[in-house]
Protein chains: 2
Amino acid sequence: MRRTPARRPTMKDIALRAGVSESAVSFALNDRPGVSPVTRDRIRRVAEQLGWQPRAAARALSGEGSATVGLVLARPARTLGVESFFLQLVSGIQEELAERKLGLLFQVVEGLDAECATYRRWWAEHRVDGVLVVDPRQDDPRPDLLGGLGLPAVMIGAPAPEVADGESPAVSTLGADDAGIMAALVGHLHALGHRRITHIAGLPEFAHTQRRIASLRAEAARLGLTEAASVTTDYSDSEGAAATRRVLDHRRPPTALIYDNDVLAVAGLAVATERGIRVPDQLSLVAWDDSVLCRSVHPALTAPVRDTAAFGRHAAQALTALLDGAPAGHTQEPLPRIEPRGSTGPAPDQDPVPAPAPQEGPSGPPRCS
Amino acid sequence: MRRTPARRPTMKDIALRAGVSESAVSFALNDRPGVSPVTRDRIRRVAEQLGWQPRAAARALSGEGSATVGLVLARPARTLGVESFFLQLVSGIQEELAERKLGLLFQVVEGLDAECATYRRWWAEHRVDGVLVVDPRQDDPRPDLLGGLGLPAVMIGAPAPEVADGESPAVSTLGADDAGIMAALVGHLHALGHRRITHIAGLPEFAHTQRRIASLRAEAARLGLTEAASVTTDYSDSEGAAATRRVLDHRRPPTALIYDNDVLAVAGLAVATERGIRVPDQLSLVAWDDSVLCRSVHPALTAPVRDTAAFGRHAAQALTALLDGAPAGHTQEPLPRIEPRGSTGPAPDQDPVPAPAPQEGPSGPPRCS
DNA sequence: CGGAAAGACTAAAGCGCATTAGCGCTTGGC
DNA sequence: GCCAAGCGCTAATGCGCTTTAGTCTTTCCG
């Protein structure tokens with residue numbers, strides 16, 4: 001038999017017990033003037049003794065906001081439970097939110113449209129005070145949408161927006177230096193003697209994918225590398241493996257591969273292992289995001305080591321600043337350091353010999369973007 | 001310059017426009033009797049036209065519940081962003097919740113105490129109508145806590161609780177057949193000729209860890225395996241690797257290893273690779289949870305393939321049933337199928353030769369639980 | 001010593017919704 | 001032809017909190 005649940009105390013209970021009016025209680029508990037220090041203390045004691053907590057809905061209804069921020073993840077299911085990145089990010093976000101007693105409303109949806117619909121609904125229902133937005137895109141409709149709704153937002157991993165003089169941007173942005181990282185990775189490989197580098201990228205509609213592709217091209221031009229290219233994938237292991245096979249089937253395959261996330265890189269490493277290509281002797285591999293994964297496989301994967309939890313914390317800080325009334329602005333994350341591990345080494349003198357794959361038919365021609 | 005955000009319409013606006021009272025609007029929009037079909041339609045149209053959505057706080061305040069369920073993840077940060085399991089689970093949970101227009105309040109905390117504190121706070125603030133609880137433990141305090149608070153809850157991955165006749169359990173449970181899976185895994189390995197099996201387990205305080213350990217012991221006894229043991233870890237890659245090293249350093253090392261999650265297994269595979277132990281010729285590996293990871297590494301890891309998203313969906317269904325007033329009960333997940341992959345093969349005729357680890361001092365004696 | 005100002009506190013209204021009581025009208029049964 | 005019942009709707013209340021507008025008392029100053 002279920003015990004009848006305890007009734008939660010309200011301010012009225014406190015007022016009764018402390019012998020004051022409800023307003024006095026409100027003033028006392030919200031650090032507002034209007035009550036003497038002694039009364040304040042007494043009220044506080046009673047509140048504590050009763051285990052009172054403000055009822056979220058009542059607060060929200062009387063104009064205080066919902067004390068909640070939202071986060072929507074819009075990724076196809078199969079690439080979802082994959083990257084350590086998100087849980088790390090969320091974990092960092094929470095650290096900051098917990099301090100401010102803000103809740104995190106979380107939603108996983110299939111695509112961009114559903115994501116936008118979620119924002120609209122949250123806005124209409126007053127469910128969140130602001131949102132954190134991930135995976136900025138090319139021609140992203142979300143800043144305008146959120147700006148139009150007047151819903152405070154932080155675009156995580158987006159560059160500073162271009163705004164006309166005097167205008168203030170609709171949303172805050174938290175930049176990750178993709179170009180800088182790419183330059184560092186290419187520099188690392190170039191220093192090891194690599195001249196043919198291929199970039200196995202993620203989804204082309206994401207802005208950071210485009211930035212990385214552009215940066216690779218720029219660095220290649222700067223260093224005089226004529227054979228540097230990017231191919232895009234959907235972040236899934238299968239496409240990572242397939243792209244790797246295609247690239248390695250090339251007449252003059254690259255000596256180094258840069259993968260846009262850990263899953264792609266691990267899948268690529270498996271392809272190399274399967275083909276008997278020695279890493280890093282014949283082929284060097286780099287993963288974009290560091291993770292347990294990168295450290296777990298053998299050889300461990302060279303990767304830029306950034307503090308993802310801190311990234312999340314900064315994003316949450318940018319949002320709380322916005323909620324406090326600060327104008328939207330831009331923050332830039334520091335450039336992470338490249339951690340060289342077993343998967344990168346000096347470029348081979350000769351090209352790696354792509355042994356025919358064990359149980360595989362002839363591969364098609366490599367398709368590079 | 002930020003546009004002044006649009007004012008969100010309330011029922012009063014609808015009432016005004018439709019020329020009826022607020023109550024009529026409430027009746028019409030909540031499918032309650034008291035308005036004629038024509039008026040109802042008119043009101044509905046106006047509501048739609050205005051893009052009205054019920055304000056969550058107001059609903060909650062007038063006794064309707066918060067339309068939100070909570071999920072707390074209490075895992076040390078370093079083992080967090082690791083398993084695909086959680087995001088998959090959450091993704092499944094959302095599918096169900098989205099249909100019922102329920103939000104998911106998500107929180108990551110450091111430990112059990114913080115988790116319990118979160119439940120208390122959520123309860124006191126009326127922030128959630130129910131919670132989903134993961135990682136059931138030995139002597140878990142959470143069912144009693146939640147039962148006492150009268151907060152509907154579903155323990156994900158917990159066996160049916162023992163309750164006295166006539167009593168109903170405090171919370172619902174959704175069982176995963178750990179014992180059955182372990183039996184199937186041991187059976188698979190036994191059929192391949194393996195006789196020395198070690199189980200690299202997860203955190204000992206989790207109930208499922210204990211169930212798996214007990215099941216391994218039982219199966220070993222049934223099959224007459226004298227050398228079957230479990231060692232526990234914290235799920236981190238480093239402990240997975242360390243445990244693997246210790247076990248392989250044994251005088252007569254096992255020919256098969258069962259890992260309690262994908263990360264441990266991948267770390268174990270890396271150790272084998274690093275030592276030049278051929279998988280599966282000399283050593284077979286099994287991962288408990290299937291994931292992209294298991295499929296990405298080479299050789300791919302044999303694992304029980306369960307539909308984690310469905311698991312999450314079922315958990316959410318159990319909770320919504322509870323919210324609808326159904327009594328707490330138990331549901332059992334079906335036994336997943338074991339997917340044999342490249343990491344398991346016939347037991348070697350001879351023991352695998354544990355080559356001395358490259359840069360490592362002599363290992364201590366293996367410690368098994 | 002009178003009046004203004006400041007301080008401590010209370011009363012009351014309002015946030016947006018659900019719900020209950022109640023009002024006026026139409027029907028139906030006898 | 002009258003009363004009861006039912007329908008369609010409105011008015012009013014309450015959820016728990018914040019906030020504004022007071023009220024009453026004390027203090028300070030000219």
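Chain identifiers are assigned alphabetically (A, B, ...) following the order of the sequence lines, protein sequences preceding nucleic acid strands; residue numbering begins at 1 within each chain.
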Rounded to whole Å, CD1 of I43(A) lies from P of dA8(C) at a distance of 12 Å
- prompt: Is there side-chain contact between S168(B) and P327(B), with at least one heavy-atom pair below 4.5 Å?
  reply: no
Rounded to whole Å, the CD-P distance (E22(A) to dA13(C)) equals 14 Å
- Task: Count the heavy atoms of every other residue, nucleotide or ligand shown that sit under 6.0 Å from CZ of R44(B), and state whether that count exceeds 12.
- Result: yes
Reckon G63(A) touches a base, only the sugar-phosphate, or nothing at all at heavy-atom distances under 4.0 Å? nothing
message: Mind checking if S36(B) touches a base, just sugar-phosphate, or nothing, with heavy atoms under 4.0 Å?
response: sugar-phosphate
Let's test your reading of the model: under 3.5 Å, does the base of dA11(C) pair with the side chain of S23(A) as donor and acceptor?
yes
R59(A) atom CZ is separated from dC17(C) atom C1', nearest whole Å, by 20 Å
Of R40(B) and S62(B), the one whose nearest nucleotide on DNA chain D sits closer to the 5' end is R40(B)
Regarding the side chain of A58(B), the nearest nucleotide among dT19(C), dC17(C), dT10(C) is dC17(C)
Query raised in the report: Between S26(A) and S23(A), does any side-chain donor sit less than 3.5 Å from a side-chain acceptor?
Result: no
In whole angstroms, the gap separating C1' of dT19(C) from CZ of R32(B) amounts to 9 Å
Testing dC9(C), dA18(C), dC15(C) for proximity to the side chain of V35(A), the answer is dC9(C)
R120(A), CZ atom: more than 12 neighbouring heavy atoms under 6.0 Å
no
In whole angstroms, the gap separating P of dA11(C) from CZ of F27(A) amounts to 13 Å
Here the distance between atom P of dA13(C) and atom CG of L61(A), to the nearest Å, is 17 Å
Notebook entry, point to check: Salt bridge check: are E125(B) and R55(A) linked by an N-O gap of less than 4.0 Å?
Noted result: no
Are the side chains of V131(B) and L71(B) in touch, meaning some heavy atoms are under 4.5 Å apart?
no
Which part of the nucleic acid, if any, lies within contact of P54(B), taking any heavy atom under 4.0 Å across all strands shown: a base, the sugar-phosphate backbone alone, or nothing? sugar-phosphate
Taken to the nearest whole Å, CE/M11(B) to C1'/dA18(C) is 7 Å
Counting the atoms with a prime plus P, OP1 and OP2 as sugar-phosphate, which does T10(B) contact under 4.0 Å by heavy atoms, base, sugar-phosphate, or nothing? sugar-phosphate
The answer to which of V38(B) and S26(A) contacts DNA chain D further toward the 5' end, by nearest nucleotide, is V38(B)
W123(A) versus R8(B): any side-chain heavy-atom pair under 4.5 Å?
yes
| task | Assess the side chains of S66(A) and R59(A): does a donor N or O sit below 3.5 Å from an acceptor N or O? | result | no
Identify whether any heavy atom of V20(A) sits under 4.0 Å from a base atom; if not, whether one sits that close to sugar-phosphate; answer base, sugar-phosphate or nothing.
-> sugar-phosphate
Margin query: Whether S21(A) contacts dC9(C) is assessed here as follows: a side-chain N or O lying under 4.0 Å from the phosphate OP1 or OP2. Is that the case?
Written below: no
Under a 4.0 Å heavy-atom criterion, DNA chain D is touched by chain B from dG8(D) to dG16(D)
